[in-house]
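I have placed the structure first, in the form of structure tokens, so that the comments after it can refer back to it.
For the numbers below, each heavy atom of this structure counts, side chains included, while hydrogens, waters and symmetry mates do not.
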Amino acid sequence: MQSIARFCGQCNCGCPELFVDHSAPAERQVVITDDFGQRVEMSLDQFGSIVAAAKSGSLDGLALVH
């Protein structure tokens with residue numbers, strides 16, 4: 001898996017991380033791990049819809065700005 005981004009917050013308990021695994025089946029190539037070792041797997045198309053929502057501003061209400 002190739003690490004793409006690490007999302008570090010203010011908790012000092014670990015960081016969620018985004019990976020791409022080009023050797024995985026197409027529906028599981030994007031992997032997001034959380035602070036506790038759990039993972040979410042999705043397709044590049046599904047991840048693309050998250051990126052599009054973030055770019056459009058529709059996820060802005062979820063972000064906590066400190």
Next on the checklist: Is there a side-chain contact between I32 and M42 in this structure, where contact means two heavy atoms from C-beta onward sitting under 4.5 Å apart?
Outcome noted: yes

Checklist outcome for this item: Heavy atoms of Q29 and H22 approach each other most closely as NE2-O, 3.3 Å

Next on the checklist: Quick one: does any side-chain atom of E17 pair with a main-chain N or O of R6 as donor and acceptor, under 3.5 Å?
Outcome noted: no

Item to check | Pair D45-S43, side-chain donor/acceptor within less than 3.5 Å | outcome: no

Checklist entry - In Å, rounded to the nearest 0.5 Å, how long is the span from CG of L44 to CZ of R28? => result 14.0 Å

Next on the checklist: Please say yes or no: joined through hydrophobic side-chain contacts below 4.5 Å, possibly via intermediate residues, are V31 and F36 part of one cluster?
Outcome noted: no

Checklist entry - Closest approach of C15 and D35, non-hydrogen atoms and distance? => result C-OD1, 3.7 Å

Checklist entry - How long is the span from the CZ atom in F7 to the CG atom in D34, to the nearest 0.5 Å? => result 12.5 Å

Item to check | Which atom of I50 lies closest to which atom of L59, heavy atoms considered | outcome: O-CD1, 3.9 Å

Checklist entry - Any side-chain heavy-atom pair from F19 and V30 closer than 4.5 angstrom? => result no

